[in-house]
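Taking it in order: structure first as structure tokens, then the write-up.
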Amino acid sequence: MTAALRQVLPARGGEPTLASRYTNRTVLAIGAHPDDLEIGIGGTLARLRRHGARVVMVVASIPKDYEVRRAEAKRGAEILDCELKILLDDGPRRTEDLKACELVGMLDDLIRDLEPAAMLTHSSADFHNDHLLIYNACLPTRTRR
Ligand SMILES: [Zn+2]
């Protein structure tokens with residue numbers, strides 16, 4: 001059994017689980033829109049929290065219905081017991097309204113402030129352009145090891 005596989009299996013005999021590796025550490029989860037994180041990795045985020053990680057959910061933008069979607073994102077984060085940050089929090093905005101370097105700079109600021117041990121985001125295999133913009137903006141950033 002590889003070390004990587006051992007870490008994702010349930011704890012048995014004191015072996016660490018993936019979630020327990022982040023106890024007392026910060027995990028940053030970045031989604032393009034409200035609901036992306038809850039639907040995509042909500043269970044993982046809740047499990048990380050249950051194991052004592054500080055989990056910060058970042059929603060990059062809210063393109064429309066700003067107040068309603070913002071309230072839904074806030075409630076989703078509360079249910080998962082996570083913190084919430086809206087990256088573009090000045091009203092309805094689209095991720096593609098930013099230049100790539102601006103988006104990377106905003107993510108770099110978050111990483112400098114929060115010093116996350118891990119960062120979770122969309123997949124490179126995603127088909128939604130905003131999701132790919134976020135994925136690509138996360139690539140040049142660095143988390144603390
Ligand atoms: Zn989305």
Side-chain angles (χ1 to χ4, degrees), residues 2-11 16-145:
T2 66
L5 184 56
R6 239 188 338 265
Q7 290 173 352
V8 299
L9 293 175
T17 63
L18 177 64
S20 68
R21 289 181 60 197
Y22 296 99
T23 300
N24 297 320
R25 301 175 82 188
T26 300
V27 174
L28 187 58
I30 304 173
H33 313 110
D35 297 344
D36 288 344
L37 294 173
E38 295 90 332
I39 292 169
I41 56 172
T44 299
L45 299 180
R47 188 176 181 102
L48 286 163
R49 277 295 300 138
R50 195 169 50 239
H51 283 270
R54 175 187 183 197
V55 178
V56 180
M57 297 171 64
V58 176
V59 173
S61 69
I62 302 175
K64 58 184 178 182
D65 302 324
Y66 184 80
E67 293 302 329
V68 171
R69 303 286 317 272
R70 188 174 198 282
E72 290 172 350
K74 183 173 182 260
R75 183 67 183 129
E78 287 170 357
I79 290 169
L80 296 172
D81 194 27
C82 297
E83 298 171 41
L84 175 68
K85 170 137 184 76
I86 309 291
L87 207 55
L88 300 174
D89 65 352
D90 57 350
R93 301 269 307 268
R94 298 181 323 173
T95 305
E96 64 193 35
D97 292 340
L98 290 176
K99 293 179 182 171
C101 61
E102 293 173 314
L103 187 54
V104 171
M106 295 175 90
L107 295 177
D108 281 343
D109 289 345
L110 275 175
I111 289 166
R112 188 178 46 253
D113 293 346
L114 300 171
E115 298 182 337
M119 194 161 76
L120 306 170
T121 190
H122 298 284
S123 162
S124 62
D126 204 309
F127 57 89
H128 192 295
N129 188 51
D130 289 352
H131 298 183
L132 292 173
L133 289 172
I134 296 301
Y135 169 80
N136 285 318
C138 289
L139 289 178
T141 62
R142 289 198 175 266
T143 57
R144 191 176 73 176
R145 305 216 190 271

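Numbering of ligands and ligand atoms starts at 1, following listing order.
- At a cut-off of 2.8 Å, measuring from the Zn ion (ligand 1), the protein N, O or S atoms that fall short of it are His33 ND1, Asp36 OD1, Asp36 OD2, His131 NE2, waters left aside.
- Atoms CG and CG, on Leu80 and Leu37 in that order, are 9.0 Å from each other to the nearest 0.5 Å.
- Under the rule for a side chain to side chain contact (heavy atoms under 4.5 Å, CB included), the partners of Asn129 that lie at least two apart in sequence or sit in another chain are Glu96, Leu133.
- Between His128 and His33, the ring-plane angle classifies as perpendicular under the 30° and 60° cut-offs.
- Every residue was checked against the ring-ring contact (aromatic ring centres under 6.0 Å, His included) condition with His51, not counting sequence neighbours, and none meets it.
- Two residues are said to be in side-chain contact when any heavy atoms from C-beta on lie closer than 4.5 Å; Ile62 and Leu88 fail this criterion.
- Asp81 is linked by a side chain to side chain contact (heavy atoms under 4.5 Å, CB included) to Arg49, counting only residues two or more places apart in sequence or in another chain.
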